[in-house]
**Student:** 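Take a look at this one; I'll ask things after.
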Amino acid sequence: MPNFKCKILKEIQLPFQKDGVEFLWLAKGENVNLLFTRIKEENFFIQIKKDDRKQEWLIKGEKHTKPSQIGYLQKALLLFKENFTQDIICEAVALKHTRLIQKTPLIANDLKELLEQIQNKKQIYIEIGFGSGRHLLYQAKQNPNVLIIGIEIYTPALEQVAKLALSENLNNVLLIETDARLLLSVLESNLVDKIFLHFPVPWDKKPHRRVVGLNFANECARVLKDTGQFELRTDSYMYFSFTLETFLNFSHLKAEIAKNKNLEISSKYEDRWKRQEKDIYDLKISDFSESKRLDKNQKFAIENLKFDLEELDCIKKNFKNNVFKDDDFFLYTEKLYTTEKDIIIKVALGAFYKPEHVYIRLGKYNTIFVFEDPFKTKENLKAIEKLREILYSYSK
């Protein structure tokens with residue numbers, strides 16, 4: 001992440017605009033200030049942190065609000081350095097030719113970009129944890145009219161499979177680094193034709209860490225079409241039986257079971273298990289009866305939330321960084337910052353397996369998310385409802 005250190009920080013006159021960069025307002029924290037920055041309709045924070053012991057300043061991008069192009073952040077930092085600092089100690093602002101600044105066509109930067117790209121796609125397959133990509137690329141070759149979405153948590157795997165797909169002229173592949181449960185929770189209902197989960201980490205001693213769970217099964221049922229299918233392939237009998245038991249919570253479904261079935265394509269893990277003479281289990285689930293619609297009209301609990309100046313002062317005095325946990329969501333009130341009139345609160349929230357970090361601006365007239373709204377997952381909605389309760393308690 002680009003950054004630099006300096007000995008002297010000049011007075012920052014706001015708003016400031018030059019060369020397409022706008023510095024609009026400053027939020028002050030205990031030892032860190034946040035400068036709201038805009039370039040070409042992209043908004044992000046520059047973090048200004050003072051080290052009292054060394055008597056120096058560290059200027060860098062705030063990691064949870066970084067822009068889509070690292071060049072935007074670099075440009076903003078260089079402009080800030082030239083106009084508001086003196087005595088530079090060290091800097092790492094110049095762009096490096098690394099994967100951080102390269103755009104791979106088949107990789108979506110985030111869920112918002114992926115959702116935009118899958119609009120109007122007639123057929124969609126999803127593979128969760130595609131690893132080396134053998135099965136994913138095979139499906140892409142065999143089904144040229146189907147969009148194959150691959151989910152993986154390891155960036156090198158995404159880049160390698162994207163390169164392989166491009167080398168084979170497979171343009172019906174879209175990869176993303178995310179948690180499968182989060183992706184399923186934001187997809188439209190009755191959208192997907194097949195979901196593959198091949199050789200997931202079994203977590204036999206820590207079953208709570210498995211991708212499969214009742215909520216996962218419910219989301220599979222919702223996003224799959226009436227003719228859709230979920231497919232598990234695993235070498236773990238415990239994972240196989242656990243998954244079958246989980247899906248049997250539905251009042252109606254069709255389950256196909258097979259053992260040691262040879263497929264047209266074999267993953268490197270499957271090759272290893274076969275050499276070890278381990279059993280391979282297949283489970284295919286279809287014909288779900290419960291397929292609920294995604295409620296697009298849900299609203300976050302902070303909408304229309306207003307505080308007067310006295311209440312804002314109470315929130316400042318009573319604010320605590322604290323963690324609140326429930327069965328299926330959490331909320332962490334991390335930090336509080338102040339502008340001339342408003343309060344900015346940074347919170348982490350949502351599902352335990354995929355938290356989101358958001359900034360919320362509390363003002364006299366309204367309460368808003370500083371940047372984009374978080375996804376309207378049930379976990380996020382519950383967390384924001386909890387935050388509303390907390391803010392009300394702080395304001396008294």
Side-chain angles (χ1 to χ4, degrees), residues 111 114-115 118 124-130 135-136 139 148-153 176 178-259 280-296 298 326-330 350-355 375-382:
L111 284 173
L114 181 139
L115 293 175
I118 67 174
I124 296 175
Y125 292 177
I126 294 176
E127 178 159 358
I128 300 169
F130 54 78
H135 180 262
L136 182 144
Q139 291 293 337
I148 315 294
I149 298 176
I151 305 172
E152 186 55 79
I153 60 173
I176 187 168
T178 190
D179 188 286
R181 293 163 291 189
L182 180 60
L183 172 61
L184 292 179
S185 69
V186 300
L187 288 177
E188 294 284 351
S189 300
N190 303 317
L191 178 73
V192 179
D193 296 88
K194 290 186 179 182
I195 297 175
F196 301 102
L197 179 61
H198 285 192
F199 299 100
V201 178
W203 295 113
D204 288 342
K205 295 182 180 180
K206 296 180 180 180
H208 66 281
R209 299 196 64 178
R210 292 171 177 162
V211 171
V212 172
L214 186 56
N215 186 59
F216 174 85
N218 286 329
E219 289 300 317
C220 285
R222 184 184 63 78
V223 303
L224 282 167
K225 296 176 181 176
D226 293 341
T227 56
Q229 184 178 81
F230 168 78
E231 178 182 300
L232 171 74
R233 189 166 173 85
T234 179
D235 62 294
S236 168
Y237 179 76
M238 290 179 66
Y239 205 119
F240 163 80
S241 59
F242 171 82
T243 303
L244 176 58
E245 182 180 346
T246 300
F247 277 94
L248 284 175
N249 281 283
F250 291 96
S251 61
H252 178 271
L253 56 77
K254 179 181 178 182
E256 297 179 42
I257 297 171
K259 182 178 178 181
I280 306 296
Y281 306 93
D282 283 288
L283 174 63
K284 295 181 180 180
I285 304 291
S286 58
D287 294 348
F288 297 96
S289 60
E290 296 95 340
S291 184
K292 298 178 181 179
R293 294 284 178 180
L294 191 65
D295 185 358
K296 294 183 177 181
Q298 298 178 91
D326 208 322
D327 292 337
D328 58 350
F329 78 91
F330 82 100
F352 297 100
Y353 53 81
K354 191 65 177 179
F375 286 105
K376 290 182 179 178
T377 63
K378 64 180 182 180
E379 295 89 356
N380 286 350
L381 288 160
K382 289 180 180 179

**Student:** When the side chains of residues 200-217 are checked against the rest of the protein, which donor-acceptor pairs come out under 3.5 Å, sequence neighbours left out?
**Tutor:**
residue: Asp204; atom: OD1; partner: Arg210; partner atom: NH2; Å: 3.2
residue: Asp204; atom: OD1; partner: Ser236; partner atom: OG; Å: 3.2
residue: Arg210; atom: NE; partner: Pro202; partner atom: O; Å: 2.7
residue: Arg210; atom: NH2; partner: Pro202; partner atom: O; Å: 3.4
residue: Asn215; atom: OD1; partner: Lys378; partner atom: NZ; Å: 2.8

**Student:** Just to verify, what does Asp328 make a salt bridge (charged side-chain N to carboxylate O under 4.0 Å, His left out) with, not counting sequence neighbours?
**Tutor:**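 Expected list: Lys382.
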
**Student:** Only counting residues at least two apart or in another chain, list the ones meeting side chain to side chain donor-acceptor pair (under 3.5 Å) with Lys194.
**Tutor:** none

**Student:** Taking the side chain as everything from C-beta on, heavy atoms only, tell me whether Tyr281 gets closer than 4.5 Å to Ile257.
**Tutor:**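 Contact flag for Tyr281/Ile257 side chains = no.
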
**Student:** Quick one: CD on Gln229 to CD1 on Ile195, what's the gap to the nearest 0.5 Å?
**Tutor:**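 Nearest 0.5 Å value for the CD-CD1 distance: 10.5 Å.
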
**Student:** Lys225: what forms a side chain to side chain donor-acceptor pair (under 3.5 Å) with it, not counting sequence neighbours?
**Tutor:** Asp193

**Student:** What pairs with Asp235 under side chain to side chain contact (heavy atoms under 4.5 Å, CB included), at least two apart in sequence or on another chain?
**Tutor:** Phe199, Trp273, Lys278, Ile280

**Student:** Suppose we screen for side chain to side chain contact (heavy atoms under 4.5 Å, CB included). Which residues come up paired with Ala258, at least two apart in sequence or across chains?
**Tutor:** Lys261, Asp282

**Student:** Roughly how far, to the nearest 0.5 Å, is CD1 of Ile128 from CG of Leu197?
**Tutor:**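 One gets 5.5 Å once the value is rounded to the nearest 0.5 Å.
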
**Student:** So, taking the atom named CD1 in Ile149 and the one named OG1 in Thr178, what distance separates them when rounded to the nearest 0.5 Å?
**Tutor:**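 One finds 11.5 Å between CD1 of Ile149 and OG1 of Thr178.
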
**Student:** Please round to the nearest 0.5 Å and tell me the distance separating atom CG of Asp287 and atom CG of Asp226.
**Tutor:** 9.0 Å

**Student:** Listed by chain and number, what are the salt bridge (charged side-chain N to carboxylate O under 4.0 Å, His left out) partners of Lys354, not counting sequence neighbours?
**Tutor:**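 Applying salt bridge (charged side-chain N to carboxylate O under 4.0 Å, His left out) to Lys354 gives none.
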
**Student:** Please identify each residue that fulfils side chain to side chain contact (heavy atoms under 4.5 Å, CB included) with Ser241, with sequence neighbours left out.
**Tutor:**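 Partners of Ser241 by the side chain to side chain contact (heavy atoms under 4.5 Å, CB included) criterion, ordered by chain and then number, come out as Tyr237.
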
**Student:** Restricting to ring pair (Phe, Tyr, Trp, His ring centres under 6.0 Å), what partner residues turn up for Phe330, sequence neighbours left out?
**Tutor:** Phe352

**Student:** Can you sort out the partners of Phe196 under ring pair (Phe, Tyr, Trp, His ring centres under 6.0 Å), two or more places apart, ordered by chain and number?
**Tutor:**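 If we apply the ring pair (Phe, Tyr, Trp, His ring centres under 6.0 Å) test to Phe196, skipping adjacent residues, the hits are Tyr125, His135, His198.
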
**Student:** Taking the side chain as every heavy atom from C-beta outward, state whether Leu184 and Val192 have any atom pair closer than 4.5 Å.
**Tutor:** no

**Student:** Flag the pair Phe230 / Phe247 as yes when their ring centroid distance falls below 6.0 Å, and as no otherwise.
**Tutor:**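 That pair passes the under 6.0 Å test.
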
**Student:** Do Leu224 and Leu191 come within less than 4.5 Å of each other through their side chains, counting heavy atoms only?
**Tutor:**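 The answer is no; the side chains never approach within 4.5 Å.
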
**Student:** Looking only at heavy atoms, which two atoms of Leu232 and Thr234 are closest? And how far apart?
**Tutor:** CD2-CG2, 4.0 Å

**Student:** Supply the atom-to-atom distance Asn190 CG to Leu187 CG, rounded to the nearest 0.5 angstrom.
**Tutor:** 11.5 Å

**Student:** Would you say Gln139 and Phe130 make side-chain contact, with heavy atoms under 4.5 Å?
**Tutor:** no

**Student:** Show your working on side chain to side chain contact (heavy atoms under 4.5 Å, CB included) between Ile126 and Val223 and close with a plain yes or no.
**Tutor:** CA-CA 11 Å; Ile126 294 176; Val223 303; 5.7 Å; no

**Student:** Minimum heavy-atom separation for Thr377 to Ser185, with atom names?
**Tutor:** CG2-OG, 3.3 Å

**Student:** Look up atom OG in Ser189 and atom CZ in Arg222, then write down how far apart they are to the nearest 0.5 Å.
**Tutor:**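 CZ of Arg222 is found 4.0 Å from OG of Ser189.
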
**Student:** Report the residues that fulfil side chain to side chain contact (heavy atoms under 4.5 Å, CB included) with Ile153, sequence neighbours left out, ordered by chain and then residue number.
**Tutor:** none

